[in-house]
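Letters A, B, ... are given to chains in the order of the sequence lines, protein chains preceding strands, and every chain is numbered from 1.
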Amino acid sequence: MYNARLSELFDEIADMLSLDEKSDRRFEVLAYRKAAMTIGSMQEDIGEIYKKEGVDGLMRLPGIGKGISASIREYIETGRMRKYDSLKEKYPIDFNAITRVPGIGAKQAFKLYKALKIRNIEDLKKAIAKHRISKIAGFGEKSENEISKGIMQLESSKGRMPIGTALPEAEALVKRLNESGLVERAAIGGSTRRMKETVGDLDILVTSSHADRVIKFISKLDEVQDVTLSGPTKTTVWLKIGISCDIRVVKDKSFGAALQYFTGNKDHNVKVRQIAIKKGYKLNEYGMFDKKGRNVSGPEEESIYSKLGMDIMDPEMREDLGEVELSIRHKLPRIVQINDIKGDLHVHTDHSDGYNSITEMAEYAKSLGRQYIGITDHTKSEYVAHGMNDAQFRKHFDDIDRANELVKGIRILKSAEIDILKDGSLDLKDSTLEMMDYRLASVHTSLAMSKVDMTRRVITAIESGYVDILAHPTDRIINTRNPIDMDLDKVFQSAHDNNVVLEVDGHPDRMDLNDENIRKAKEYNAKFSISTDSHRTTHLNMMRYGVSTAKRAWVTPEIVINAMDVGRMLKELSG
DNA sequence: GCCGTTTTCGGCCCGACTGTTTTCAGTCG
């Protein structure tokens with residue numbers, strides 16, 4: 001896997017080029033930054049792309065042209081990159097680590113090196129201990145303190161936070177702001193609003209005519225551990241849960257422009273702003289202004305897009321993956337919405353490792369407007385999860401029959417989360433499998449198999465004729481466990497050939513398939529089941545994470561089986 | 001260095017905040 005390393009190399013090249021005093025190379029710097037971003041955020045291995053499609057394949061990636069693709073090729077072929085090596089001779093600094101400290105960029109890092117030979121975080125810490133930073137020209141007492149604090153925060157944070165933790169925290173902050181009586185509107189922006197599976201920080205937008213009081217109010221919130229910076233319209237705070245939060249205050253008439261500005265990723269925003277320029281406008285977070293400086297946008301986000309002749313798209317789509325162009329041509333797809341979801345096909349109960357009973361899960365699902373749920377308790381190989389054997393499942397199905405009698409207005413379906421064993425066989429007898437309305441299967445054990453073996457294992461299960469849904473196909477746990485090594489192209493092809501649906505497990509620890517893999521599966525005409533993998537009633541609310549993940553991959557409702565009525569859904573599964 | 005409804009040269013988004021300046025560069029998103 002070359003992505004992480006190459007992304008770091010290009011970021012460092014950008015850092016080092018920005019130090020060139022003889023010529024202005026800021027656009028070159030920008031180009032390397034963009035390439036680093038592209039490669040760093042890809043999940044597909046760039047080495048594989050090069051192996052399959054050569055330099056042409058590399059040049060199809062956004063921000064990668066002739067020069068950078070040649071450097072990638074050189075690095076993959078030889079393990080070295082001359083451009084990087086020669087720059088590094090001049091600047092022997094660990095820019096990647098040092099510039100991660102808030103307030104230190106390439107230039108400050110170079111100053112630290114020139115003055116005190118600081119090359120890495122360890123050197124920096126030693127210099128702070130001896131109070132030597134504040135003596136350097138361009139630094140002072142305050143910056144030394146800030147750097148010291150920044151290093152501590154860096155070391156205590158666990159990197160990007162899963163959306164399942166970040167979103168509820170952001171929602172709680174918005175609620176507090178709304179209850180403060182100081183704001184007109186408060187909204188979540190940034191990657192949290194785009195529902196990225198992990199977020200680096202929180203962005204919150206507030207409209208108020210008392211910005212100063214809002215900023216002060218925020219600094220005193222229980223959730224806030226420390227104020228990083230604070231100006232008249234913007235503040236950054238470090239939250240106790242271990243993530244930074246930017247809060248921006250604008251006037252209410254700027255709400256739409258500001259929300260638009262703080263939602264799209266960088267590339268999306270740059271493109272929209274370029275369109276504005278072409279049409280003779282200037283777009284910023286305060287509004288869209290014509291040549292005479294008049295604000296031509298309304299108070300809502302939609303007015304920005306409509307004024308530019310574009311259709312507004314859901315936040316999940318605003319990542320410059322073609323949505324801008326389609327929006328101009330009024331050809332945006334109608335992607336799946338939470339209200340399209342009619343059932344949940346991955347639900348555990350206290351019959352295996354869940355917390356609530358069948359009827360409790362059904363009642364709760366009904367209260368959320370679901371028309372059906374599938375009970376998918378574990379099978380016997382999952383003994384830590386109290387998996388059931390064939391005899392126990394037969395009794396379990398009687399219990400489901402009784403629950404269907406008890407709870408009216410929702411259909412409870414018989415299923416199981418069947419273990420795919422090491423050889424690809426399933427963990428229950430065929431006769432038991434035939435008693436189910438549908439069958440969900442997944443890999444839980446022996447995760448360290450070779451790619452060839454794992455691919456064969458999963459495909460064997462898919463071809464058994466007894467699998468309807470492949471649950472959390474890659475088996476990864478965010479920030480904890482890597483995806484299993486498996487040839488996804490082959491698995492997706494086999495799933496399509498055998499009418500097996502792929503799950504989008506919306507549990508925020510899993511998000512599996514993720515957005516990028518869903519996009520890939522769509523190329524194989526996959527169908528999807530968006531589910532919660534619930535283990536207690538309240539987990540059934542996590543459907544929004546799965547739906548947003550599907551939205552990020554532009555999934556339309558026609559290919560989501562649980563957006564169908566129960567009859568049509570079951571028919572679809574039986575092929 | 002990249003890119004193209006401004007197509008192979010000439011642009012490349014835009015603004016806030018901070019610290020140490022002595023009028024603004026550096027950093028960040």
Nucleotide of B:dC14, B:dG29, B:dT18 approaching A:Leu229 most closely (side-chain heavy atoms): B:dT18
Nucleotide of B:dG26, B:dC17, B:dG1 approaching A:Gln108 most closely (side-chain heavy atoms): B:dG26
Using a cut-off of under 3.5 Å, enumerate the N/O to N/O pairs linking the protein to nucleotides 2-6 of chain B.
unit_1: B:dC2; atom_1: OP1; unit_2: A:Gly65; atom_2: N; d: 2.7
unit_1: B:dC2; atom_1: OP1; unit_2: A:Gly65; atom_2: O; d: 3.4
unit_1: B:dC2; atom_1: OP1; unit_2: A:Ile68; atom_2: N; d: 3.0
unit_1: B:dC2; atom_1: OP2; unit_2: A:Gly67; atom_2: N; d: 3.1
unit_1: B:dC3; atom_1: OP1; unit_2: A:Gly63; atom_2: N; d: 2.8
unit_1: B:dT6; atom_1: OP1; unit_2: A:Lys278; atom_2: NZ; d: 3.2

With sequence neighbours excluded, what pairs up with [X] under the salt bridge (charged side-chain N to carboxylate O under 4.0 Å, His left out) test?
X: A:Lys149; value: A:Glu146, A:Asp226
X: A:Asp487; value: A:Lys490
X: A:Asp290; value: A:Arg294
X: A:Asp94; value: none

Establish, with yes or no, whether the OP1 or OP2 oxygen of [N] is under 4.0 angstrom from a side-chain nitrogen or oxygen of [X].
X: A:Thr233; N: B:dC17; result: yes
X: A:Asn284; N: B:dG15; result: yes
X: A:Lys234; N: B:dT18; result: no

Which donor-acceptor pairs under 3.5 Å do side chains of residues 258-265 of chain A form with protein atoms, sequence neighbours excluded?
unit_1: A:Gln260; atom_1: NE2; unit_2: A:Tyr305; atom_2: OH; d: 3.0
unit_1: A:Thr263; atom_1: OG1; unit_2: A:Arg193; atom_2: NH1; d: 2.8
unit_1: A:Thr263; atom_1: OG1; unit_2: A:Leu259; atom_2: O; d: 2.6
unit_1: A:Asn265; atom_1: OD1; unit_2: A:Asp267; atom_2: N; d: 3.3
unit_1: A:Asn265; atom_1: OD1; unit_2: A:His268; atom_2: N; d: 2.9
unit_1: A:Asn265; atom_1: ND2; unit_2: A:Glu319; atom_2: O; d: 3.4

[atom1] gap between [N] and [M], integer Å:
N: B:dC28; M: B:dT22; atom1: P; answer: 22 Å
N: B:dT8; M: B:dC14; atom1: C1'; answer: 28 Å
N: B:dG29; M: B:dT23; atom1: C1'; answer: 25 Å
N: B:dC12; M: B:dC17; atom1: P; answer: 26 Å
N: B:dG11; M: B:dT5; atom1: C1'; answer: 16 Å
N: B:dG10; M: B:dT18; atom1: P; answer: 41 Å
N: B:dT20; M: B:dG26; atom1: P; answer: 15 Å
N: B:dT6; M: B:dG1; atom1: P; answer: 26 Å

Atom pairs and distances, donor-acceptor, side-chain atoms in residues 49-59 of chain A, under 3.5 Å, two or more places apart:
unit_1: A:Tyr50; atom_1: OH; unit_2: A:Arg73; atom_2: NE; d: 3.4
unit_1: A:Tyr50; atom_1: OH; unit_2: A:Glu77; atom_2: OE2; d: 2.6
unit_1: A:Lys51; atom_1: NZ; unit_2: A:Glu48; atom_2: OE2; d: 3.4
unit_1: A:Glu53; atom_1: OE1; unit_2: A:Arg60; atom_2: NH2; d: 2.4

Heavy atoms under 4.0 Å, any strand shown: does [X] hit a base, just sugar-phosphate, or nothing?
X: A:Phe27; value: base
X: A:Leu283; value: sugar-phosphate
X: A:Asp246; value: sugar-phosphate
X: A:Thr236; value: nothing
X: A:Leu30; value: nothing
X: A:Arg25; value: nothing
X: A:Val250; value: nothing
X: A:Ala106; value: sugar-phosphate

Quick one: side chain to side chain donor-acceptor pair (under 3.5 Å) partners of A:Ser18, sequence neighbours excluded? none
With sequence neighbours left out, write down each residue that passes side chain to side chain donor-acceptor pair (under 3.5 Å) with A:Thr236, or none if nothing qualifies.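 Once residues adjacent in sequence are excluded, the partners of A:Thr236 under the side chain to side chain donor-acceptor pair (under 3.5 Å) criterion are A:Asp246.
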[X] [atom1] to [N] [atom2]: how many Å, rounded?
X: A:Ile147; N: B:dC28; atom1: CD1; atom2: P; answer: 11 Å
X: A:Asp203; N: B:dA16; atom1: CG; atom2: C1'; answer: 13 Å
X: A:Glu146; N: B:dC17; atom1: CD; atom2: P; answer: 16 Å
X: A:Arg248; N: B:dC14; atom1: CZ; atom2: P; answer: 15 Å
X: A:Lys266; N: B:dC12; atom1: NZ; atom2: C1'; answer: 12 Å

Check A:Arg185 with A:Glu300, please: is the shortest side-chain N to carboxylate O separation under 4.0 Å? yes
Name all pairs fulfilling the ring-ring contact (aromatic ring centres under 6.0 Å, His included) condition that reach into residues 71-109 of chain A, sequence neighbours left out, sorted by first residue then second. A:Tyr91-A:Phe110
Cation-pi geometry met for A:Lys117 and A:Tyr113 (6.0 Å, 45°): yes
Using a strict heavy-atom distance below 4.0 Å, which residues from residues 82-91 of chain A are in contact with DNA chain B?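 A:Lys83, in order of number.
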Quick check: do A:Ile204 and A:Val174 have side-chain heavy atoms less than 4.5 Å from each other? yes
Quick one: does A:Ile243's side chain get under 4.5 Å of A:Val199's, heavy atoms only? yes
Going by modelled atom types, is there a donor-acceptor pair between the base of B:dG15 and the side chain of A:Tyr261 at under 3.5 Å?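 Between B:dG15 and A:Tyr261, which were checked side chain against base, a qualifying N/O pair under 3.5 Å is absent.
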Nucleotide-resolved protein contact map, nucleotides 20-25 of chain B, B/S/- at heavy-atom distance under 4.0 Å: SS----
Which residue lies more 5' along DNA chain B, comparing A:Arg100 with A:Gly231 via nearest heavy atoms: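 Counting from the 5' end, the first nearest nucleotide belongs to A:Gly231.
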Might you confirm whether atom CZ of A:Arg132 has over 12 heavy atoms from other residues, nucleotides or ligands at distances under 6.0 Å? no
